[in-house]
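Worksheet: one structure, shown below.
Within every chain, numbering begins at 1; the chains are lettered A, B, ... in the order of the sequence lines, protein sequences first and strands thereafter.
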Number of protein chains: 2
Amino acid sequence: MRADGQRTRAAILRQAADLATVKGLDGLTISELAAALGMSKSGMYAHFESKEALQLATIDVASRIFDEAVVAPALHVEPGIDRLVAMCDAFFDYLQRRTFPGGCFFVVTALEMGERIGPVKECVQHCHADFVGVLRQNAEVAVGRGQLSATEKPDVLVFELNGVILAAHVHSVLHGKADALDIARQVVRRRFGLTGTSGLV
Amino acid sequence: MRADGQRTRAAILRQAADLATVKGLDGLTISELAAALGMSKSGMYAHFESKEALQLATIDVASRIFDEAVVAPALHVEPGIDRLVAMCDAFFDYLQRRTFPGGCFFVVTALEMGERIGPVKECVQHCHADFVGVLRQNAEVAVGRGQLSATEKPDVLVFELNGVILAAHVHSVLHGKADALDIARQVVRRRFGLTGTSGLV
DNA sequence: CCTACCGATCGGTAGG
DNA sequence: CCTACCGATCGGTAGG
């Protein structure tokens with residue numbers, strides 16, 4: 001049945017995304033993926049013609065999961081600083097609840113693909129750039145509405161927020177430091193001159 | 001001759017470190033490494049008993065290269081804020097001159113090893129923790145000497161500096177943005193309330 | 001979606 | 001440090 005095929009495909013991609021956050025998009029193996037799903041290796045090829053096609057499709061579903069978990073919730077609050085803070089908080093929540101077992105799919109793959117060449121790298125690159133673009137838009141709104149000083153450069157602000165996100169990842173995933181996400185929430189608030197909900201400075 | 005053996009071993013490890021920053025410590029292959037050196041695969045096993053031993057030895061030389069490039073230069077300036085800024089600047093220089101082809105060895109491997117288990121992950125983890133520890137010591141000195149407010153938490157400051165380093169990496173390596181390192185230097189200076197050498201805020 | 005199979009490459013060893 | 005080789009596993013295909 002058609003619906004079954006699509007459900008299977010979705011299950012494969014979700015599992016692939018999970019595995020990729022631990023082993024990398026390249027370290028991910030078709031046999032390993034099949035085994036994790038209790039299927040045969042050739043069952044994977046019934047859904048994808050090559051490993052590269054599988055990788056590309058995996059990035060696509062991962063970006064949907066990311067948007068749903070991190071971007072979408074923040075769209076309910078006002079553009080500008082509020083949305084920026086909401087989006088960072090949503091990211092920290094998404095990281096904390098381990099939506100993917102190895103942390104954030106795009107943090108892991110962005111660093112894995114650093115100097116690679118080819119469609120998989122470009123796809124990861126574009127997904128990451130899209131997220132940075134959303135942050136940037138809101139940084140511009142924040143400056144435009146006078147929520148931030150007119151001398152504040154959106155590019156620099158986005159760079160800094162990205163840094164907090166990345167530091168949160170390394171401290172919580174690699175080092176398993178439980179307080180990393182609290183520190184991250186606190187740093188974001190202080191950067192905007194807000195009194196944190198996460199306790200004293 | 002003994003000296004030849006050691007020179008070969010050093011050449012193997014240097015090449016391995018280079019490859020690991022592009023393909024990852026796990027994606028690195030013995031055959032690929034041998035080919036890059038114009039040697040045979042079993043020539044590698046004359047120097048290392050297993051891939052894991054090779055990985056561990058590679059991390060060791062990478063940490064020496066890192067210390068020489070990033071930590072050592074900063075030891076010539078006063079502990080505290082000055083040394084913190086010098087160390088960050090040294091990191092940005094080391095990244096800019098592409099000491100390793102894929103960026104910083106420890107940024108790349110720290111994210112690759114995120115949720116792995118075993119001696120290789122632990123080794124990367126300890127190297128990263130050592131660097132964070134050096135930053136932390138200087139953050140404590142800075143607070144102790146009154147260069148920073150007494151309410152400033154060293155852990156939080158180190159978290160932030162780590163974020164700047166990571167953001168510099170992603171923006172310059174993945175996205176190839178040439179101005180990333182200038183932004184990074186600027187952000188570090190502003191964080192300490194210093195007037196940047198890298199132009200206006 | 002499976003069994004059965006392909007050539008290529010993996011990490012690693014024997015023997016020199 | 002090499003040639004020659006090992007079993008295991010890789011990505012991928014044939015045929016059903």
| Are any of the side-chain nitrogens in B/Glu78 or B/Arg145 under 4.0 Å away from the carboxylate oxygens of its partner? | yes
| query | What dot-bracket string describes DNA chain D from 5' to 3', counting Watson-Crick and G-U wobble pairs whose defining distances are under 3.5 Å, with [ ] for crossing pairs and | for pairs to another strand? | reply | ||||||||||||||||
| field | Those residues of residues 46-54 of chain A lying under 4.0 Å from DNA chain C by at least one heavy atom | value | A/Ala46, A/His47
Pair up each side-chain donor or acceptor in residues 61-75 of chain B with any protein partner under 3.5 Å, not counting sequence neighbours, and list the distances.
| unit_1 | atom_1 | unit_2 | atom_2 | d |
| --- | --- | --- | --- | --- |
| B/Ser63 | OG | B/Asp60 | O | 3.0 |
| B/Arg64 | NE | B/Asp60 | OD2 | 3.2 |
| B/Arg64 | NH2 | B/Asp60 | OD2 | 2.9 |

| task | Just jot down the ring-ring contact (aromatic ring centres under 6.0 Å, His included) partners of A/His169, sequence neighbours excluded, or say none. | result | none
| said: Taking the basic N atoms (NZ, or NE/NH1/NH2) and the acidic carboxylate oxygens, is any pair closer than 4.0 Å for A/Asp18 and A/Lys23? | reply: no
| Sidechain N-carboxylate O distance under 4.0 Å for A/Lys177, A/Asp182 | no
| request: Describe the nucleic acid contact of B/Ser40 in one word from base, sugar-phosphate, nothing, applying a heavy-atom distance below 4.0 Å. | output: base
| message | So, using side-chain hydrogen bond (donor to acceptor under 3.5 Å, both in side chains) as the criterion, who are the partners of B/Glu140 when residues are at least two apart? | response | B/Arg136
| said: Between B/Thr8 and B/Lys41, which residue's closest nucleotide on DNA chain D lies nearer the 5′ terminus? | reply: B/Thr8
| said: Please classify the nucleic acid contact of A/Ile12 as base, sugar-phosphate, or nothing, using heavy-atom distances under 4.0 Å. | reply: nothing
| remark: Contacted region of DNA chain D by chain B, from 5' end to 3' end of the hits, cut-off under 4.0 Å to heavy atoms, spans D/dC1 to D/dT3
| message | Under a plain distance cut-off of 3.5 Å, with no hydrogens placed, do B/Thr29 and B/Ser31 share a side-chain donor-acceptor pair? | response | no
| task | Decide, yes or no, whether a salt bridge links B/Arg116 with B/Asp26 under the criterion of side-chain N to carboxylate O below 4.0 Å. | result | yes
| Is a salt bridge present between B/Glu152 and A/Arg190, judged by a nitrogen-to-oxygen distance below 4.0 Å? | yes
| said: Test side-chain contact (heavy atoms from CB on, under 4.5 Å) on A/Ile30 and A/Tyr45; report intermediate values, then the result. | reply: CA-CA 9 Å; A/Ile30 311 282; A/Tyr45 284 99; 3.8 Å; yes
